[in-house]
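Note that these values count all heavy atoms, side chains included, but never hydrogens, waters or copies made by symmetry.
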Amino acid sequence: PCSCKLDTAPKITMYLPDAMFTGMSLYYSYETCGSKDYFTEKFNTDACVNQDSKDQCLSLKKKGGLNKCAWTGKKCLGWELVEHPLCERFMQTVHNRASTPHFALAALAIMLGLSRA
């Protein structure tokens with residue numbers, strides 16, 4: 001989710017809420033496919049983006065008590081989008097190596113823990 005450059009933040013899936021990949025929850029985004037999200041507001045009421053206050057945001061937990069969401073100071077997003085170190089390292093890699101032909105492989109290697117930024 002941290003490599004998406006979307007106007008609308010991706011959301012943590014409700015169908016596989018405990019699923020993880022490289023230490024991050026699985027996310028979905030209608031905008032990625034050029035569609036408007038008519039689903040989340042009505043059917044995924046526990047989505048981080050549907051929480052209107054810091055208290056509501058931080059009260060949502062994953063299995064095992066881990067935070068599902070994080071408060072940005074203005075809105076609630078999936079925890080990984082705000083706090084996960086892989087997102088920060090991945091974004092640094094994209095910015096630092098975007099002009100090199102192998103930047104995608106380098107970013108993938110960092111996400112998989114095979115290299116350092």
Donor-acceptor contacts, no H, no angles, side chain residues 11-20, under 3.5 Å, sequence neighbours left out:
{"from": "Lys11", "atom 1": "NZ", "to": "Ala9", "atom 2": "O", "distance (Å)": "3.3"}
{"from": "Lys11", "atom 1": "NZ", "to": "Asp37", "atom 2": "OD2", "distance (Å)": "3.1"}
{"from": "Thr13", "atom 1": "OG1", "to": "Tyr15", "atom 2": "N", "distance (Å)": "3.2"}

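A pairwise comparison of heavy atoms in Leu60 and Cys69 identifies CD1-SG, 3.8 Å as the closest pair. What you find for Gln51 and Trp71 is that their closest heavy atoms are O-CZ3, 4.3 Å. Of all non-hydrogen atoms in Val82 and Ala70, the two that sit nearest each other are CB-CB, 3.7 Å.
A salt bridge between Lys36 and Glu41 is absent, with no side-chain N of the basic residue lying under 4.0 Å from a carboxylate O of the acidic one.
No more than 12 heavy-atom neighbours from other residues, nucleotides or ligands sit within 6.0 angstrom of NZ on Lys75.
Of the possible donor and acceptor atoms, none in the side chain of Glu83 sits under 3.5 Å from a partner among the backbone N and O of Trp79.
We find the NZ-NZ distance between Lys54 and Lys74 to be 15.0 Å, quoted to the nearest 0.5 Å.
Remark: Glu31 engages Leu6, Asp7, Thr8, Ser29 in a side-chain contact (heavy atoms from CB on, under 4.5 Å) (not counting sequence neighbours).
At least 2.5 Å separates the SG atom of Cys48 from that of Cys76.
The same ILVMFWY cluster, assembled from side-chain heavy atoms under 4.5 Å apart, contains both Phe43 and Tyr28.
A donor-acceptor contact under 3.5 angstrom links the side chains of Lys61 and Asn67, judged on distance only.
Aromatic ring pairs are classed by plane angle as parallel below 30°, tilted from 30° to 60° and perpendicular above 60°; the pair Phe39 and Tyr30 is tilted.
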